[in-house]
Amino acid sequence: MNRIALKAGYISSVIGIATFVLYTFCFIAILVVNPIFIWTNFENYIMSVQTTNQIFKHIAMFLMIVYGVCFLIQVCSISEIAVKAKKYFAKLAELFGIGFLTLISINYFVQLTTVRMQVYTGQTDGLEQFIQANPVSGMAAINMLGWTIFFGLSCIFAGLALGNTKIEKVIKYAFLSNGVMMFLGLIGYLFDISVVVFLCMNLGMGSAILIATIPLCYLFKKVIKETFI
């Protein structure tokens with residue numbers, strides 16, 4: 001086993017937990033400081049952005065990029081503890097994880113740079129399809145592709161790469177559950193069922209990922225201690 005890979009997995013798990021906790025704080029802060037925003041049209045969106053506090057929204061987006069990096073490191077480190085017969089699943093988890101990180105990073109980076117700067121300077125021509133808040137925009141679709149299909153598949157294969165010890169089973173079933181919820185979220189998005197998207201992509205995913213990542217953090221630390229100390 002590669003000690004550096006295991007340490008990277010442990011550190012990325014700790015940071016991943018922290019990002020989700022901070023994201024939850026930002027999510028609550030957004031609801032507290034601003035009225036709930038529901039997309040109606042482009043003009044109302046621009047007015048809302050220009051007249052409400054956007055700091056917590058931008059912090060939350062940045063945190064999700066950080067989480068995406070941490071998740072990819074985690075699945076790469078899982079391949080170090082996977083038995084030989086299951087390393088193929090770990091490799092697939094890595095590949096889909098790369099797709100996940102790429103897609104969501106494109107979306108959030110565009111929101112934090114191009115969209116933010118154009119809205120504040122008033123140069124909004126042609127911007128509508130780049131706004132994530134617009135549920136029928138191209139950028140929203142790219143983001144959902146990353147979270148539902150690529151993240152879902154990466155979680156499923158990461159779960160299949162794990163063994164059958166008690167702690168690995170907890171992580172495995174949490175990852176598998178999250179994969180299922182991501183696919184349900186995809187169905188909700190395709191058929192415009194907002195409640196399904198909200199429950200699966202927010203409450204469901206948040207719970208499953210924390211249930212998977214906290215014991216994963218412990219697992220990496222345990223393997224490091226047993227193997228190298």
Side-chain angles (χ1 to χ4, degrees), residues 2-34 53-81 90 93-94 96-109 111-113 116 132 143 146-148 150-152 154-155 158-159 161-162 167-168 170-179 181-182 185 198-225:
N2 187 320
R3 184 172 185 173
I4 294 176
L6 293 173
K7 279 192 172 182
Y10 171 74
I11 294 170
S12 64
S13 297
V14 172
I15 298 174
I17 294 168
T19 58
F20 256 88
V21 172
L22 291 172
Y23 175 82
T24 302
F25 170 79
C26 289
F27 187 80
I28 295 172
I30 291 169
L31 296 177
V32 171
V33 302
N34 295 329
N53 188 318
Q54 299 294 299
I55 293 175
F56 291 109
K57 183 181 79 173
H58 293 151
I59 293 174
M61 289 180 175
F62 174 75
L63 288 172
M64 286 299 95
I65 295 177
V66 174
Y67 173 74
V69 174
C70 290
F71 176 77
L72 181 57
I73 295 173
Q74 288 169 32
V75 294
C76 289
S77 297
I78 285 174
S79 66
E80 289 296 315
I81 59 178
E94 292 176 25
F96 284 113
I98 292 171
F100 159 66
L101 175 59
T102 301
L103 290 168
I104 68 164
S105 295
I106 288 172
N107 169 62
Y108 293 131
F109 190 74
Q111 305 307 310
L112 291 169
T113 56
R116 178 182 60 84
Q132 180 186 332
N143 189 52
W147 280 107
T148 58
F150 283 85
F151 186 50
S154 186
C155 284
L162 292 164
I167 189 171
E168 287 180 276
V170 172
I171 303 166
K172 175 190 295 185
Y173 292 126
F175 272 142
L176 293 175
S177 297
N178 190 64
M181 280 187 287
M182 293 302 94
F198 177 79
L199 291 175
C200 292
M201 304 299 296
N202 290 281
L203 300 180
M205 179 183 68
S207 300
I209 288 302
L210 285 176
I211 292 171
T213 309
I214 292 172
L216 182 61
C217 179
Y218 173 79
L219 178 62
F220 283 131
K221 189 173 183 179
K222 180 174 178 286
V223 174
I224 291 170
K225 185 176 181 180

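FYI, side chains are in, hydrogens and waters are out, and symmetry mates aren't considered; it's all heavy atoms of this structure. Every value quoted in this text rests on a predicted model; they were computed, and no experiment measured them. The first residue in the sequence is number 1, and the count goes up from there.
In this structure a side-chain-to-backbone donor-acceptor pair under 3.5 Å is present from Ser12 to Gly9. Using modelled atom types, one side-chain atom of Asn34 and one backbone atom of Asn53 make a donor-acceptor pair closer than 3.5 Å. At distances below 3.5 Å, at least one donor-acceptor pair connects side-chain atoms of Asn202 with backbone N or O atoms of Phe198.
Between atom NZ of residue Lys222 and atom CG of residue Leu6 there is a gap of 12.5 Å, rounded to the nearest 0.5 Å. Atoms CE and OG, from Met64 and Ser105 in turn, are 11.0 Å apart once rounded to the nearest 0.5 Å. Taken from CD1 in Ile171 to OG in Ser13, the straight-line distance is 8.5 Å, to the nearest 0.5 Å. Note: Met181 CE to Leu199 CG = 10.5 Å, rounded to the nearest 0.5 Å. Taken from CD1 in Ile78 to CG in Leu216, the straight-line distance is 5.0 Å, to the nearest 0.5 Å. Interatomic distance, Cys26 SG to Phe62 CZ, rounded to the nearest 0.5 Å: 11.5 Å.
When all heavy atoms of Phe71 and Gly97 are compared, the pair lying nearest together is CE2-CA, 4.5 Å. Considering all non-hydrogen atoms of both residues, Ala158 and Val75 come closest at CB-CG1, 4.0 Å. Counting all heavy atoms, side chain and backbone alike, Ile17 lies closest to Cys217 at CD1-CB, 4.5 Å. Across all non-hydrogen atoms, the minimal contact from Gly16 to Cys70 is N-SG, 4.0 Å. Closest of all the heavy-atom pairs between Ile65 and Phe109 is CD1-N, 4.2 Å. Taking every heavy atom of both residues into account, Ile104 and Gly68 meet most closely at CD1-CA, 4.3 Å.
Between Phe220 and Ile81 there is a side-chain heavy-atom pair separated by less than 4.5 Å. When side chains are defined from C-beta on, Gln54 counts as touching His58, because their heavy atoms get closer than 4.5 Å. Put simply, the side chain of Ile11 does not reach to within 4.5 Å of the side chain of Ile73, judged on heavy atoms. No side-chain heavy atom of Asn143 sits under 4.5 Å from any side-chain heavy atom of Leu103. For the pair Met182 and Met201, the minimum side-chain heavy-atom distance is below 4.5 Å. Taking the side chain as every heavy atom from C-beta outward, Tyr218 and Tyr10 never approach each other to under 4.5 Å.
In this structure, Phe151 has its ring center closer than 6.0 angstrom to the ring center of Phe100. A centroid separation of less than 6.0 Å is found between the aromatic rings of Phe20 and Tyr67.
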Evaluation steps, side chain to side chain contact (heavy atoms under 4.5 Å, CB included), between Glu94 and Ser79: CA-CA 9 Å; Glu94 292 176 25; Ser79 66; 3.3 Å; yes
Where do Cys155 and Phe96 land on the side chain to side chain contact (heavy atoms under 4.5 Å, CB included) test, with the steps shown first? CA-CA 9 Å; Cys155 284; Phe96 284 113; over 6 Å; no
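Heavy atoms from other residues, nucleotides or ligands lying under 6.0 Å from CG of Leu203 number more than 12.
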